[in-house]
Chemist: 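Below is the structure I would like to discuss, written out as structure tokens.
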Amino acid sequence: MLRRKPTRLELKLDDIEEFESIRKDLESRKKQREDAEVPAAGEEAASIALGADHKSREQIINDRIGYKPQPKAGGRAAHFGTFEF
């Protein structure tokens with residue numbers, strides 16, 4: 001494999017200005033989303049706390065990620081057939 005000298009990248013004023021404008025735009029969008037989520041999250045937390053169907057932390061996480069645990073079949077009988085110990 002041939003070695004070559006590293007390519008030199010130069011940062012120009014236009015690049016810096018473009019970066020700053022994009023960063024400010026992203027920060028403003030993030031702030032708007034957070035402001036919109038705060039009241040909704042507060043209402044959701046209140047409904048969970050006051051709701052009749054109180055779920056455990058583990059159940060809430062499983063619902064959020066879409067995990068539906070399947071119960072394991074039997075105890076020892078499932079591993080050893082019909083033998084009784």
Chemist: What residues form a side-chain hydrogen bond (donor to acceptor under 3.5 Å, both in side chains) with Asp63, not counting sequence neighbours?
Modeler: Lys55

Chemist: For Arg8, enumerate each residue passing the side-chain contact (heavy atoms from CB on, under 4.5 Å) test, keeping only those at least two apart in sequence or located in another chain.
Modeler: none

Chemist: So which of Gln59, Glu58, Arg57 actually passes side-chain contact (heavy atoms from CB on, under 4.5 Å) with Ile61?
Modeler: Arg57

Chemist: Residues two or more places apart in sequence or in another chain: which of them pass side-chain contact (heavy atoms from CB on, under 4.5 Å) with Asp15?
Modeler: Leu11, Lys12

Chemist: Among residues at least two apart in sequence or on other chains, which ones pass side-chain contact (heavy atoms from CB on, under 4.5 Å) with Leu26?
Modeler: Ile22

Chemist: Taking side-chain hydrogen bond (donor to acceptor under 3.5 Å, both in side chains) as the definition, give me every residue that meets it alongside Glu17, ordered by chain and number, with sequence neighbours left out.
Modeler: none

Chemist: I'd like to check the salt bridge (Lys or Arg N to Asp or Glu O under 4.0 Å) partners of Glu10; sequence neighbours left out, ordered by chain and number.
Modeler: none

Chemist: Residues in side-chain hydrogen bond (donor to acceptor under 3.5 Å, both in side chains) with Arg23, at least two apart?
Modeler: Glu20

Chemist: Of all residues at least two apart in sequence or in a different chain, which pass the side-chain contact (heavy atoms from CB on, under 4.5 Å) check with Arg29?
Modeler: Asp25, Arg33

Chemist: Using the test side-chain hydrogen bond (donor to acceptor under 3.5 Å, both in side chains), find all partners of Ser28 that sit at least two apart in sequence or belong to another chain.
Modeler: none

Chemist: If you group Ile, Leu, Val, Met, Phe, Trp and Tyr whenever their side-chain heavy atoms sit less than 4.5 Å apart, what else falls in with Phe19?
Modeler: none

